[in-house]
Amino acid sequence: MDIPVPFLKSLTIPADQLRGTLVQVPYVNPGAPEFGFTVNVPANWDISTYPEEAPSPDLSPRLLLHASPDAGRQIELCIFATVLTREVNPVDWADGWLELGGQGIVHARTWKTEYGILIDALTHAADRDVKGVRRFMTIKDGPRLFVIEARIRAEDAGAANFVQNVLLAAIQSFALSRATKERFAEPFDMKALPGRVPLVFPFPSSWEESEIPDAPEGGSGLLLDNAGAGSILVVSAPGCDASEEIEDAALDRIGARIDVKRMDDAYIAVPRSVMNVISRQGIGQQGDAMVTLVTGRIETPDVSAAAILVAPSQDTSPQGFAIARRAFEVLVEEMQPAR
């Protein structure tokens, strides 16, 4: 989308000048104190908080704070929150948020964190006759997901720059009253791949696991299943430089029930401090449904492993895809030899 609004990555109003116009606002929710926070907003704006709103996984994100400089609400700053029941990347969750608001991304940046991939995006209405832009960012703490969003109902670059400064100041000052620093939205257990060189990795406890027959000698294999909405096959063998062979055998095993259409030749290296990981992805067909395939080849001097993700396609089941991809990401990035 080509609109005359730049995506600001830092404050363009001098910090001391902006700071003098801001006031710290507390949000307190007696029924859900874990959603309390403080945030800085312009002092001359009308500010409303909604302490009776209790974020819930069964509801759309709840509006907790609203601020605007004018009665017509041509410019707004809003803070929403929801509860996640499954561990997903906020960047995947944001796809539904964009759809809910009828928005498309103009510019975006992401951060890879222990809490998942956070997103900061400038958006425009998918209906180009609707004027204005939005800028939002996600913040995650365990199952709590917050969205800080600024809106302007005109395509005026100067006003949009101002409201982005307001948003960036709000993001920089946002602080949870009861931050738990929980990484995941659901319980995770440490899973183990026994063998001559055992491997361990964190994984959602809600997934079912079963050992596979004919695992490599001195290694082992597990099939992890998310109630039919995604599965991961992970196999290990002693020694180095065997992950490609393990990956090929795992794909052959999966090929008995899935028609593998394509695997990308472009390999993606995942930096790790303990083990080296190479990942690639492709597509397959299971019955009438298209599925996403992602592989991870894992190597150390003492052990090799491979993991194969079979997930619903993002178009078929956005939530199933997001849950499965996040579980796979944690597995391949955090697998390590048992100590």
Side-chain angles (χ1 to χ4, degrees), residues 1-15 18 22 37 39-41 61 75-82 84 87-126 128 132-142 144-152 155-176 179 181 183-185 266 268-272 277 279 281 294 314 318 321-322 325-326 328-330 332-333:
M1 295 181 182
D2 183 21
I3 63 172
V5 176
F7 180 78
L8 301 185
K9 295 184 178 179
S10 60
L11 294 171
T12 56
I13 298 175
L18 186 63
L22 299 175
F37 59 82
V39 66
N40 289 350
V41 300
I75 294 176
E76 297 175 286
L77 176 72
C78 303
I79 298 179
F80 301 84
T82 190
L84 303 174
E87 174 63 16
V88 298
N89 274 316
V91 70
D92 288 326
W93 178 90
D95 289 336
W97 176 253
L98 290 167
E99 185 177 356
L100 182 68
Q103 299 287 303
I105 291 178
V106 179
H107 298 288
R109 57 180 175 170
T110 59
W111 292 271
K112 196 162 193 175
T113 73
E114 288 190 339
Y115 301 87
I117 301 174
L118 305 181
I119 182 170
D120 173 13
L122 180 70
T123 72
H124 191 284
R128 290 308 306 272
V133 293
R134 298 184 183 186
R135 175 84 179 265
F136 78 90
M137 182 175 175
T138 56
I139 296 174
K140 182 174 177 288
D141 180 56
R144 290 157 290 280
L145 185 69
F146 295 83
V147 181
I148 303 178
E149 182 175 74
R151 308 170 180 174
I152 181 169
E155 290 181 15
D156 179 291
N161 285 352
F162 168 71
V163 81
Q164 287 187 78
N165 274 273
V166 169
L167 177 77
L168 291 170
I171 290 169
Q172 292 174 11
S173 65
F174 184 84
L176 289 175
K181 300 192 182 299
R183 288 187 59 193
F184 303 124
I268 305 165
V270 180
R272 283 284 314 278
V277 178
S279 181
Q281 66 180 36
V294 185
Q314 193 167 17
F321 169 81
R325 183 167 76 165
R326 176 62 171 149
F328 182 81
E329 172 189 89
V330 173
V332 298
E333 292 188 359

* So among Leu176, Leu145, Ile148, Val147, which one has a side chain to side chain contact (heavy atoms under 4.5 Å, CB included) with Ile139? ->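 When side chain to side chain contact (heavy atoms under 4.5 Å, CB included) is applied between Ile139 and each of Leu176, Leu145, Ile148, Val147, only Ile148 qualifies.
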* So, for Phe174 and Phe146, is the gap between ring centers shorter than 6.0 Å? ->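 Yes.
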* Taking only residues two or more places apart in sequence or in another chain, which ones pass side chain to side chain contact (heavy atoms under 4.5 Å, CB included) with Leu8? ->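 Partners of Leu8 under the side chain to side chain contact (heavy atoms under 4.5 Å, CB included) test: Pro6, Thr12, Arg135, Asn161, Gln164, Asn165, Leu168.
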* Under the side chain to side chain contact (heavy atoms under 4.5 Å, CB included) test, which residues partner Ile117, sequence neighbours left out? ->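 Side chain to side chain contact (heavy atoms under 4.5 Å, CB included) check on Ile117 returns Asn89, Val91, Thr110, Lys112, Glu329.
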* Nearest-0.5 Å distance, CD1 of residue Ile79 to CZ of residue Phe37 ->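 Taking CD1 in Ile79 and CZ in Phe37, the distance rounds to 4.0 Å.
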* **Pairwise side-chain contact, Trp93 with Arg326, heavy-atom cut-off 4.5 Å (strictly under)** =>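 SC-SC contact between Trp93 and Arg326 ruled out.
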* To do: Taking side-chain hydrogen bond (donor to acceptor under 3.5 Å, both in side chains) as the test, write out the residues that go with Arg325, two or more places apart.
  =>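 If we apply the side-chain hydrogen bond (donor to acceptor under 3.5 Å, both in side chains) test to Arg325, skipping adjacent residues, the hits are Asp92.
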* **side-chain hydrogen bond (donor to acceptor under 3.5 Å, both in side chains) against Asp141, all qualifying residues, sequence neighbours excluded** =>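 Checked Asp141 against side-chain hydrogen bond (donor to acceptor under 3.5 Å, both in side chains); matches are Arg144, Thr180.
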* To do: Could you check Leu167 against Val163 for side chain to side chain contact (heavy atoms under 4.5 Å, CB included), going step by step and ending with a plain yes or no?
  => CA-CA 6 Å; Leu167 177 77; Val163 81; over 6 Å; no
* Minimum heavy-atom separation for Ile152 to Ala159, with atom names? ->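 Closest pair (atom of Ile152, atom of Ala159, distance): CD1-CB, 3.1 Å.
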* Work out which heavy atom in Ala121 is nearest to a heavy atom in Ala108; give both atom names and the distance. =>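 Where Ala121 meets Ala108 most closely, the heavy atoms are CB-CB, 3.9 Å.
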* To do: Fit a plane to each ring of His107 and Phe7, take the angle between them on a 0 to 90° scale, and name the class: parallel (under 30°), tilted (30 to 60°) or perpendicular (over 60°).
  =>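 If you compare the ring of His107 with that of Phe7, the planes turn out tilted.
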* To do: State whether Glu114 and Lys181 are salt-bridged, where the test is any N-O pair (Lys NZ or Arg NE/NH1/NH2 against Asp/Glu carboxylate O) under 4.0 Å.
  =>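 Here Glu114 does not pair with Lys181 in a salt bridge, since their nearest N and O are not under 4.0 Å apart.
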* Return each pair, listed once, that meets salt bridge (Lys or Arg N to Asp or Glu O under 4.0 Å) where at least one residue sits in residues 162-175; pairs must be two or more places apart or across chains. =>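 For residues 162-175: none.
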* Check salt bridge (charged side-chain N to carboxylate O under 4.0 Å, His left out) between Glu76 and all other residues, then give those that pass, not counting sequence neighbours. =>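 With neighbours one apart ignored, the set is Arg151, Arg153.
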